[in-house]
2 protein chains.
Amino acid sequence: MALLLIVCLLDGMRDEAQQKPMARLDESLLTHLPPFSRLDNRQIRDILDQATSKRYNEGVTVFGEGEEAERFFMLLDGYIRVMRITDTGEQVIALHIPSGQLFGIARALGRDTYPATAVTASEAIILSWPTRLWDHFASYDGFTTETYKTVGKRIGEMNTRIVELATQQVEQRIANALLRLVNQTGRKVEDGIEVDFPITRQDLSEMTASTLHTVSRLLSAWEKDGIVKSRRKRIVVSDPHRLVLLSQPH
Amino acid sequence: MALLLIVCLLDGMRDEAQQKPMARLDESLLTHLPPFSRLDNRQIRDILDQATSKRYNEGVTVFGEGEEAERFFMLLDGYIRVMRITDTGEQVIALHIPSGQLFGIARALGRDTYPATAVTASEAIILSWPTRLWDHFASYDGFTTETYKTVGKRIGEMNTRIVELATQQVEQRIANALLRLVNQTGRKVEDGIEVDFPITRQDLSEMTASTLHTVSRLLSAWEKDGIVKSRRKRIVVSDPHRLVLLSQPH
DNA sequence: CACGAAGTTTGCGCCAGCACAACGTTCGCG
DNA sequence: CGCGAACGTTGTGCTGGCGCAAACTTCGTG
């Protein structure tokens, strides 16, 4: 709810400077996001005063793997796709980050460079700060604690990912990926739940270590069975329950 | 080097109480381990005074996935295998932890339960502390910083793991797994570098999401080519360079 | 509204690697 | 030192899902 407000405020800035301090932004709006929830007003204002805001179109690279970690980021609206590219040019999507989370916090894990590439999966609004401010903010009560909770969750997701890749069939992996998307970023629509950002079969194949072709085939089959409905870049899950069945072995 | 000393000291305790305070242990021995390297003598003594020491045989479960995270651990000697078990009973090995690292630090990531199962991959000597002490130690300068560096590294490894599973052929994955084992835990022997703890083909297959049979076949083929030498539970890599070639696409 | 780019569908053949099976080898233990 | 269990090897057949190819649909743009 708070986020919507922020977005409106920021929309006004769309045609102005793409990067500018956020002095205008009401600090109460950030209060409910986990990393900031335990901070007092003075601290929040301090953080906001030093933030840079920027609006990104879909498919823009926020930072690349191996680059020096000069800034860290807070996603206010939209979705971020975290991916790596192999020597042979294949892309692997590691995870999707929903709004309200910090990302690119290499510094918090003692790294000097970003370990992966972050690309906007939809239009996005992002605050960012120079990395050197991390230690300063880290002294604020609860800031790091909440951050590391997020890290812990992501580790859990990665573990699950590994187990899935290691043990499940393609159909189950794709079903799982879709369920995860719908759970984490789903939006209720008339005939089911829709993934809240544009997603192609190619993307799904990169999330599940399969191929565009296989994903396409399966989605077609599922559509025939009335489990999903999809159009270009949009996927609606109309029968989540049957998808859950498909996602489990046998 | 310091570790060897510790091990000797502890060996003396082998037949005494399996669990007892470590008051006797010279604090200077822990000084060089990353999590403690920036601590002063008083702090190290404080940490040691509250530690419990225990010796484990090979193949013993230290903690299980989902259990309440009552303690956190420091591996002084040996190796730990971190694994998860799927609903269908398949095991997946997530990573191996070498001596000198903290593990089971769910608390540091805001979790109440352990996210995976930890089993000793060899005989091991482990210190542990009640979880509630974490926050106390965390106030010591550098303790958490160094810990989170380790977490960062493990995240990197997991990412690599995911990319490997997603893009590489079985032969390359097994070659990679073997190279990683040899790099991280290798011990020089006469005719090459040996994995420093007992490892079965089954283990390797669980690390690479393949089967015992395939691993066995490949190791046999490699042995015929003079790349590795293996006997029961032991693997020696005699020609790492050619293994690197095998680990890369084409 | 015509064109190109991006996204999607579908058919077909093939092969890496799994399942199944049976046997050989090493180790620990009484 | 003999037995059983754990660990390792090898052969054979089969199939899921990938590679390749070609055509179709939707969208944005000038």
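Only a predicted model underlies this, so the values are computations on that prediction, with no experimental measurement involved. In what follows, chains carry the letters A, B, and so on, assigned in the order in which the sequence lines appear, proteins first and then strands, with residues in each chain numbered from 1. What's counted below: heavy atoms across the whole structure, side chains too, no hydrogens, waters or symmetry copies.
Residue Gln169(A) is in sugar-phosphate contact alone, with no base atom involved, counting any heavy-atom pair closer than 4.0 Å across all strands shown.
Salt bridge annotation for Arg81(B)-Glu206(B): absent, with no cationic side-chain nitrogen under 4.0 angstrom from a carboxylate oxygen.
For Asp191(B), the side chain to side chain contact (heavy atoms under 4.5 Å, CB included) partners are Val189(B), Lys229(B), Val236(B), not counting sequence neighbours. For Ser210(B), the side chain to side chain contact (heavy atoms under 4.5 Å, CB included) partners two or more places apart in sequence, or in a different chain, are Val170(B), Ile174(B), Ser205(B), Thr208(B), Val215(B). Residues satisfying the salt bridge (charged side-chain N to carboxylate O under 4.0 Å, His left out) criterion with Glu164(B), sequence neighbours excluded, are Arg180(B). With sequence neighbours left out, Arg84(A) forms a salt bridge (charged side-chain N to carboxylate O under 4.0 Å, His left out) with Glu65(A). In terms of the salt bridge (charged side-chain N to carboxylate O under 4.0 Å, His left out) criterion, Asp225(A) has no residue partners (sequence neighbours excluded).
For the pair Arg161(A) (side chain) and Asn159(B) (backbone), a donor-acceptor distance under 3.5 Å is absent. Remark: the backbone N or O of Val163(A) is paired with a side-chain donor or acceptor of Thr167(A) at under 3.5 angstrom.
The environment of Glu68(A) atom CD is sparse: at most 12 non-hydrogen atoms of other residues, nucleotides or ligands sit within 6.0 angstrom.
Residue Leu219(B) contributes atom CG, which lies 14 Å from atom C1' of dT10(D) at whole-angstrom precision. The NZ-P distance, from Lys233(B) to dG8(D), rounds to 8 Å in whole Å. Taking atom CD1 of Ile235(B) as the reference point, atom C1' of dT9(D) lies 14 Å away to the nearest angstrom. Remark: P of dG8(D) and CZ of Arg234(B) are 12 Å apart, rounded to the nearest angstrom.
Listed in residue order, the members of residues 208-218 of chain B having a heavy atom less than 4.0 Å from DNA chain D are His213(B), Ser216(B), Arg217(B). Taking a 4.0 Å limit (strictly below) on heavy-atom distances, residues 199-207 of chain A reaches DNA chain C at Thr200(A), Arg201(A). Within residues 84-93 of chain B, no residue has a heavy atom under 4.0 Å from DNA chain C.
One axis for each end of the helix from dC1(C)-dG30(D) to dG30(C)-dC1(D), each built from five base pairs, and the angle between them comes to 50° at 10° resolution.
The two residues Ser122(B) and Gly78(B) come nearest to each other via the heavy atoms OG-CA, 3.4 Å. In plain terms, the two heavy atoms of Asn176(B) and Gln168(B) that are nearest each other are ND2-OE1, 2.8 Å. Between Glu58(A) and Pro198(A) the shortest heavy-atom distance is OE1-CG, 3.4 Å.
Along DNA chain C, read 5' to 3', the first and last nucleotides having any atom under 4.0 Å from a heavy atom of chain A are dA6(C) to dC12(C).
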Inset, instruction - Could you walk me through whether Ser128(A) and Lys54(A) pass the side chain to side chain contact (heavy atoms under 4.5 Å, CB included) test, one step at a time? - result: CA-CA 8 Å; Ser128(A) 71; Lys54(A) 191 168 173 186; over 6 Å; no
Inset, instruction - Please assess Ser99(B) against Leu76(B) for the test side chain to side chain contact (heavy atoms under 4.5 Å, CB included), listing each intermediate value before the final yes or no. - result: CA-CA 5 Å; Ser99(B) 59; Leu76(B) 287 187; 6.0 Å; no
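Residues in residues 157-177 of chain A take part in no ring pair (Phe, Tyr, Trp, His ring centres under 6.0 Å) pair, two or more places apart or across chains. Sorted by first then second residue, the ring pair (Phe, Tyr, Trp, His ring centres under 6.0 Å) pairs that include residues 207-234 of chain A, not counting sequence neighbours, number zero.
Along DNA chain C, the nucleotide nearest to Arg232(A) and the one nearest to Lys224(A) differ in position, and the one closer to the 5' end is contacted by Arg232(A).
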